Amino acid sequence: QVLRKSLQRGVVLSTGTFLVYEAHKLISGFAEVHASFKVEEVIEQADYLYGSGETEKLYRQLLQHKNSDDAELLWRLARASRDLAQLSSTSAEEKRQLAYEALEYAKKALEKNESNFAAHKWYAICLSDVGDFEGIKTKIGNAIVIKEHFQRAIELNPKDATTIHLIGIWCYSFAEMPWYQRKIAATLFATPPTSTFQEALHYFHMAEEADPNFYSKNLLFLGKTYLKLNNKKMALLWLSKAKEYPAHTEEDKQV
């Protein structure tokens with residue numbers, strides 16, 4: 001009788017344990033779906049705020065998710081931090097702090113998903129920004145790493161015209177580098193990064209082919225690069241396009 005009661009009790013406990021386990025699975029599954037839905041919701045809202053130019057609001061919203069494991073959220077937070085740093089109302093000290101903050105978020109995004117093209121893109125951009133605070137040696141030292149991440153981003157997404165444009169800017173900057181900076185680079189590095197205006201032109205055209213008329217600055221740099229190559233006819237063509245570009249942003253107005 002005792003044995004029978006013990007066995008019955010065991011069956012009740014087992015059934016109870018099973019039910020608890022099933023309930024746990026159900027709740028866990030719901031939590032995962034809910035979390036996934038929430039991430040998608042946050043990203044959708046973040047993209048809306050970004051498109052609306054709500055820089056500060058976007059930063060505050062995404063900052064709540066700085067401990068996220070989602071690369072899509074993290075690279076957007078890196079971009080938002082950088083955009084906030086670019087505002088004229090942001091103090092010099094805040095700009096510096098936000099630049100380093102943005103780099104950390106981009107780095108974390110890469111750690112979470114190495115196959116995310118935007119994580120590579122924003123890591124390269126943020127690494128370049130930090131170089132502005134660390135001097136010419138660090139900036140030149142980081143340059144090769146920056147280009148590698150831009151190239152990896154293009155491998156992962158060949159249609160992203162902005163990244164292609166940024167490699168063009170990289171090439172243009174090194175083609176235009178003053179002689180004294182070249183001398184410093186040659187002293188510091190066995191093989192310092194170099195480029196040509198022809199290489200820059202290739203990337204600016206490549207960006208335009210990927211997404212025609214996507215960015216006023218790409219039109220401007222096509223014109224500037226043709227000027228560097230003494231082709232005034234083509235320079236005039238692209239500079240005219242840049243001049244006529246509808247000015248939606250402050251940068252468009254500057255262009």
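In this text, all values refer to a predicted model and were calculated from it rather than measured experimentally. The first residue in the sequence is number 1, and the count goes up from there.
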Peer 1: I want to check something: taking the side chain as every heavy atom from C-beta on, are L103 and L127 in contact at a cut-off of under 4.5 Å?
Peer 2: yes
Peer 1: Around atom CD of Q97, are there more than 12 heavy atoms of other residues, nucleotides or ligands at under 6.0 Å?
Peer 2: no
Peer 1: Rounded to the nearest 0.5 Å, what separation is found between the CG atom of N231 and the CG atom of L236?
Peer 2: 10.5 Å
Peer 1: Taking atom types as modelled and ignoring hydrogens, do the side chains of S216 and D252 form a donor-acceptor contact shorter than 3.5 angstrom?
Peer 2: yes
Peer 1: Does one hydrophobic cluster hold both W170 and I154, with members joined at side-chain heavy-atom distances below 4.5 Å?
Peer 2: yes
Peer 1: Going by the angle between their ring planes, with limits at 30° and 60°, are H205 and Y226 parallel, tilted or perpendicular?
Peer 2: perpendicular
Peer 1: Any non-hydrogen side-chain atom of T194 less than 4.5 Å from a side-chain atom of F174?
Peer 2: no
Peer 1: What heavy-atom pair brings G223 and A235 nearest, and what distance separates the two atoms?
Peer 2: O-CB, 3.4 Å
Peer 1: Less than 6.0 Å separating the ring centroids of H165 and Y203?
Peer 2: no
Peer 1: Can you find a heavy atom in the side chain of M234 that is under 4.5 Å from one in the side chain of L237?
Peer 2: yes
Peer 1: In the structure I gave you, are the side-chain heavy atoms of L219 and V255 within less than 4.5 Å of one another anywhere?
Peer 2: no
Peer 1: Could you state the interatomic distance from CG (L84) to CZ (R82), rounded to the nearest 0.5 Å?
Peer 2: 12.0 Å
Peer 1: May I ask whether Y50 and V42 are part of the same hydrophobic cluster, defined by side-chain heavy atoms of I, L, V, M, F, W, Y residues being less than 4.5 angstrom apart, directly or through others?
Peer 2: yes
Peer 1: So, does H149 use its side chain to make a donor-acceptor pair with the main chain of Y123 at under 3.5 Å?
Peer 2: no
Peer 1: Does M206 belong to the same Ile/Leu/Val/Met/Phe/Trp/Tyr cluster as F150, with side-chain heavy atoms less than 4.5 Å apart forming each link?
Peer 2: yes
Peer 1: More than 12 foreign heavy atoms under 6.0 Å from OH of Y100: is that the case here?
Peer 2: yes
Peer 1: I want to check something: taking the side chain as every heavy atom from C-beta on, are L201 and F221 in contact at a cut-off of under 4.5 Å?
Peer 2: no
Peer 1: Locate the shortest heavy-atom distance separating A106 from A78; write the atom from each residue and the value.
Peer 2: N-CB, 3.7 Å
Peer 1: Considering only NZ, NE, NH1 and NH2 on the basic side and carboxylate oxygens on the acidic side, decide whether E155 and K121 come within less than 4.0 Å.
Peer 2: no
Peer 1: When you measure from the centre of the six-membered ring of Y105, is the NZ or CZ of K108 closer than 6.0 Å and no more than 45° off the axis?
Peer 2: no
Peer 1: Would you name the heavy atoms of T225 and A200 that are closest together and state the gap between them?
Peer 2: CG2-CB, 4.5 Å
Peer 1: From S128 OG over to N142 CG, what is the distance, rounded to the nearest 0.5 angstrom?
Peer 2: 8.5 Å
Peer 1: Under the 3.5 angstrom rule, does the side chain of K95 hit a backbone N or O of L87 as a donor-acceptor pair?
Peer 2: yes
Peer 1: Taking D70 first and then K112, would you say they form a salt bridge - that is, a charged N and a carboxylate O separated by under 4.0 Å?
Peer 2: no
Peer 1: Hey, is the main chain of L77 close enough, under 3.5 Å, to the side chain of S81 for a donor-acceptor pair?
Peer 2: yes
Peer 1: Take Q151 and I167, measure what side-chain contact (heavy atoms from CB on, under 4.5 Å) needs, and give me the verdict at the end.
Peer 2: CA-CA 8 Å; Q151 287 172 328; I167 293 192; 3.7 Å; yes
Peer 1: Counting distance only, does the side-chain N/O of W238 pair as donor-acceptor with the main-chain N or O of L220 below 3.5 Å?
Peer 2: no
Peer 1: Do K241 and L239 come within less than 4.5 Å of each other through their side chains, counting heavy atoms only?
Peer 2: no
Peer 1: Show the atom names and distances, to 0.1 Å, of all donor-acceptor pairs under 3.5 Å that link a side chain in residues 58-66 to residues at least two apart or in another chain.
Peer 2:
unit_1 : atom_1 : unit_2 : atom_2 : d
Y59    : OH     : E101   : OE2    : 2.5
Q61    : NE2    : Q45    : OE1    : 2.9

Peer 1: Hey, does the side chain of E208 reach the backbone of N213 with a donor-acceptor pair shorter than 3.5 angstrom?
Peer 2: yes
Peer 1: Evaluate S240 against E244 for side-chain contact (heavy atoms from CB on, under 4.5 Å), listing each step before the verdict.
Peer 2: CA-CA 6 Å; S240 297; E244 291 156 13; 4.2 Å; yes
Peer 1: Could you check whether R76 pairs with D47 (Lys NZ or Arg NE/NH1/NH2 to Asp/Glu carboxylate O, under 4.0 Å)?
Peer 2: yes
Peer 1: Mind checking whether F133 and I146 sit in one hydrophobic cluster, side chains of I, L, V, M, F, W, Y counted as touching below 4.5 Å?
Peer 2: yes
Peer 1: Got a donor-acceptor contact below 3.5 angstrom from the N218 side chain to the F204 backbone?
Peer 2: yes
Peer 1: Taking all non-hydrogen atoms of both residues, which atom of S68 and which atom of L73 are closest, and how far apart?
Peer 2: OG-CD1, 3.6 Å
Peer 1: So which atom in A207 and which in I164 form the shortest heavy-atom distance, rounded to 0.1 Å?
Peer 2: N-CG2, 3.6 Å
Peer 1: Flag yes if V130 and W75 sit in one hydrophobic cluster, no otherwise; membership is Ile, Leu, Val, Met, Phe, Trp, Tyr, and two members link when side-chain heavy atoms are under 4.5 Å apart.
Peer 2: yes
Peer 1: Can you find a heavy atom in the side chain of F214 that is under 4.5 Å from one in the side chain of T162?
Peer 2: yes
Peer 1: Do the side chains of T90 and L98 get nearer than 4.5 Å, heavy atoms only?
Peer 2: yes
Peer 1: Regarding S195 and E199, do their side chains bring together a donor and an acceptor under 3.5 Å, going by distance alone?
Peer 2: yes
Peer 1: List the atom of I140, the atom of P193, and the distance in Å for their closest heavy-atom pair.
Peer 2: CG2-CD, 3.8 Å
Peer 1: Crowded around E111 CD? As in, over 12 foreign heavy atoms under 6.0 Å?
Peer 2: yes
Peer 1: Checking side-chain polar atoms at under 3.5 Å, does H120 have a donor or acceptor matched by the opposite partner on E148?
Peer 2: no
Peer 1: Rounded at 0.5 Å granularity, tell me how far CG in L227 sits from NZ in K224.
Peer 2: 9.5 Å
Peer 1: The test is side-chain contact (heavy atoms from CB on, under 4.5 Å); show your working for K159 and D211 and say whether it passes.
Peer 2: CA-CA 8 Å; K159 293 294 181 184; D211 190 0; over 6 Å; no
Peer 1: Could you tell me whether R152 sits above the aromatic face of F117, with NZ or CZ closer than 6.0 angstrom to the six-membered ring centre and within 45 degrees of the axis?
Peer 2: no
Peer 1: Less than 4.0 angstrom from a charged side-chain N to a carboxylate O is my criterion; do K139 and D132 meet it?
Peer 2: yes
